**Student:** 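First the structure, then my questions, so here it is.
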Amino acid sequence: MTQQQNPSRRQALKFLGLPFALPLGGVGAATLSGCFGGGGDDATYVSSSFSAMAAPALSNAAAMATTTVASSLDVKMSDGSTVHYALAYQPFFMTGDMVPDGKGGTILAGGYVDINNKPITDASVAGKERQFFSDSPDGTSLLSVANPTVTGIKGKAVFAVVQFEYTTRDQAGNDTYGKLPSPIAVLTLDQDQTTGKLSLVKYHNVDTSAAHGLWITCGASLSPWGTHLSSEEYEPDAFAIASNAQFKAYSKNVFGDETKANPYHYGHLPEVTVNPDGTGTLKKHYCMGRISHELIQVMPDKRTALMGDDYTNGGLFMFVADKEADLSAGTLYVAKYGTGFSLDPAAAGASITWINLGHATSAEIEQLANTLKPTDIMTVATTDPADATFTKMFLDGKASWGKLKPGMEKAAAFLETHRYANLMGASMSFTKLEGTTVNAKDKIAYSALQNIQTSMVKGNAAWVESKNVTVDKALIAGGVMAHTLAGGQKDTAGAAINSEWVPTVTKALLMGEDIAADALGNLSNPDKIGNPDNLKFSETLRTLFIGEDSSTHVNNFVWAYNVDSKTLTRLVSMPAGAEATGLSVVDDLNGWTYITTNFQHPGDWGSLHGKVQSTLDPLVRANYKDRFGAAVGYLTGDVKAMKLNQ
C-alpha cells in the first residue's frame, strides 16, 4: 500500500515535513519505528527508490528556463507500506541578493573582495558601478558544529560552506573568467525541528588573505571530520606566467598589482573549518599536489584522499596523510595503468599501480613556493630540443619537453606536479577527470570523466600509447568510472602504501551516448548522463548522485543511480545554459537527510542552444538578474504534497 500522509502517526512530521528528510537516525541500518505513515509503529525502513522526471521540452519553455523538479521518492517499509514524496527545489538565496550578515545588517551574496577584504567594483559601465558578484556558485558542504553560538536560532544551528568559482562577465559583457579571487562563505542556517526546513540567518565571508586568495574554486567535499575541502583548478603555468593576461588581471584585482601574485600559491587544496559563531577559518594545503583540483574524496580512514584532475593529459592522484584528520603532511602518489582500459561496463577493467612522487609538509612546500622560480626547478622547452636528456610530455594537449634540475625532486613533485608525474612515467592521459566519491560499504570509489576525448583517443596528437589509457573513438558525453579499493598494496618501487583504501582496478560504470542533434539541439542522449562532473554517494540510499557540466545537454541534469538496482533516474533540470554544481549529500544532520545542489551561469549560450536561445533568453534573464544571478539551495519535499492538515 502507498500512503501520502497519515497525521495520526507518532513523529510523522519528521519524515513528511518540508525538506526531503529521511529519519534514519544515522547511516546504515536504523529502526524507524513511529517515524512515518503506514503500517504498525514497529515498521522499519527497507529501501527507497526515485521516480524520474522527463526532460523539459520547448512546449513548456518556462520549465527549461528555471530549476525544474518533477521527480519523486518512494520509501518502502517492512510492513509492505510505501511513503511517497514529490520533490521540489528550495534556494537559500540567489547571488546578488542582499542577505543577513548576522549583525543586524546585510551583505551581498557572492560578492567579491580583495586581499584586504574590500569590495571589488565592476566599473565597466559608467554610472552603473557596483560590487562584483558571482554567477557561478559551486562546491557546498552542509554540516554541524558542536556548541554553536550564533544568535537568532529558533531550532538548531547548522552550517553550509559555499564557494563561488568565478563570474562569467562584467556588465559590459567582457569575459571575467579567472580574473577575480574566488569568495567562500559560511552560511548559518536555522533548522526547524518540526519540519527540517533550513532558513538562512547569517552569511559570513571567510577571510582568504592568509592563503594568498583563492583561484577558481570548483567542486568541494565534506571531510570525515566535518571540514569543507575546497579546490583550485587549472593551476596557472608558472613557465608562461609573463604572458598570462588572465593571471595578471587576477593579481591586479586581488593585490592591486598585476605582478604581485605568485603562480605557485595556486592550484592547491584549501580547507575551511567552521567556527561555533558562524565564521570560518581557512588554510591551504600545499603538499597534495599542484594539479587541477576539482573535487577530492577522503576515505573513511581519514587519511587517504583520492583526487580528480580536471585537465587534458591529467592523472589520477592519491594522497595518504601521516595522521588522521590532518592533511598538512603526507605522501603523494599518481596512478600508472596496466592494459585493459575500457568504456564497456562488462569489461574487466585496467589494473593500477601507484608511483610515489614524494613526501612533504604543507609548510615546507609553501616555503618553496615563496622562494623558487620555475627555472630553479626545471628546464622546459616548447619545441623539441633534440636532447635525449629531456623527456617529451603532453600538457593540456600540447607537446612539451622537460628536464629536472639537480636536487629539485621535491619542488617538482609538489609545485610542478603535472610535469614531474610525466617524468616519473605516470599515466597522464585523462581528459577532465573531475569529481570523486566513495561507496564505503562496497569499497568502490567513483570518478567522473566529463569528456572522453583528445588525449584518451587512439591516434590523437596528444595520445601516448604507452600510458595505457586508450579508447578507439571519442565519447564527448563522458562517463563515470569505478575503482576497486583494497589494502596491502605496494608502490612501483616496492614500498608498502599505508592505506586500506587504494584503488587497484578501474572499470566503466555509466556512459553517456553521443547523438546527432535532436529537436532541441541535444548532442547526447538526454535520457543518459551527459558530461558528468559532481559526484556524491549516499550510503543510506545506496545511491550515486551525479551532476552535469554538459556541453551536450541543452539543460543540465542531476541524476540518481541506485548501485543495487542499477536504475538511473533524472531528479532535477537546471536552467538552460547552466551547469549543475554544489552537489552534496548528508545522510544524517540532526536526524534529517539533505541533498544540496546549485547551478551556475544560467543562459550561458553556445552553439548547442541555437534552437532554443531566442525563446529562452528573455525568460532566463527575467528569472536570474539578467543572467548575473544563480541559486544556492537544496532538494526538498514539495510543500503542497507534504501538507498534513487537509
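Heads up: numbering here begins at 1 and tracks the sequence. Keep in mind it's a predicted model, so treat the numbers as computed, not measured.
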**Student:** Got a sec, which residues hit side chain to side chain contact (heavy atoms under 4.5 Å, CB included) with Ser231, two or more places apart in sequence or on another chain?
**Tutor:**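 Once residues adjacent in sequence are excluded, the partners of Ser231 under the side chain to side chain contact (heavy atoms under 4.5 Å, CB included) criterion are Gln163, Cys218, His293.
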**Student:** Return each pair, listed once, that meets side-chain hydrogen bond (donor to acceptor under 3.5 Å, both in side chains) where at least one residue sits in residues 374-389; pairs must be two or more places apart or across chains.
**Tutor:**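 Counting only pairs at least two positions apart or across chains, the side-chain hydrogen bond (donor to acceptor under 3.5 Å, both in side chains) contacts touching residues 374-389 are Asp387-Thr389, Thr389-Lys403.
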**Student:** Treating Thr361 as the side-chain partner and Glu364 as the backbone partner, does any N or O pair qualify as donor plus acceptor under 3.5 Å?
**Tutor:**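 Confirmed, Thr361 side chain pairs with Glu364 backbone.
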**Student:** Would the number of heavy atoms belonging to other residues, nucleotides or ligands and lying under 6.0 Å from NZ of Lys179 be above 12?
**Tutor:**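 Yes, because the 6.0 Å sphere around NZ of Lys179 holds more than 12 heavy atoms from other groups.
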**Student:** With salt bridge (charged side-chain N to carboxylate O under 4.0 Å, His left out) as the criterion, how do Lys473 and Asp514 come out once you've worked through the C-alpha distance, each side chain's angles and the decisive distance to 0.1 Å?
**Tutor:** CA-CA 11 Å; Lys473 181 183 178 181; Asp514 294 343; over 6 Å; no
**Student:** For Asp138 and Thr581, indicate whether the former's side chain and the latter's backbone hold a donor-acceptor pair under 3.5 Å.
**Tutor:**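 Checking the backbone N and O of Thr581 against the side chain of Asp138, no donor-acceptor pair under 3.5 Å is found.
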**Student:** Any side-chain to backbone donor/acceptor pair from Thr552 onto Leu523? Under 3.5 Å, distance only.
**Tutor:**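 It does not hold such a pair.
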**Student:** Is any side-chain heavy atom of Ile476 closer than 4.5 Å to a side-chain heavy atom of Asn451?
**Tutor:**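 Of all side-chain heavy-atom pairs linking Asn451 with Ile476, at least one is under 4.5 Å.
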**Student:** Distance-only, no hydrogens or angles: does the Thr353 side chain make a donor-acceptor pair with backbone N or O of Lys336 under 3.5 Å?
**Tutor:**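 Here the side-chain-to-backbone pair exists.
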**Student:** Within the distance-only criterion (no hydrogens, no angle test), does the side chain of Thr167 pair as donor or acceptor with the backbone N or O of Phe133 below 3.5 angstrom?
**Tutor:**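 Yes, because the side chain of Thr167 sits within donor-acceptor range (under 3.5 Å) of the backbone of Phe133.
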**Student:** Side chains of Tyr112 and Ser134: does their closest heavy-atom pair fall under 4.5 Å?
**Tutor:**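 Contact flag for Tyr112/Ser134 side chains = yes.
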**Student:** Donor-acceptor pair, Thr436 side chain versus Gln297 backbone, under 3.5 Å?
**Tutor:**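 Yes, Thr436 side chain to Gln297 backbone: donor-acceptor pair under 3.5 Å.
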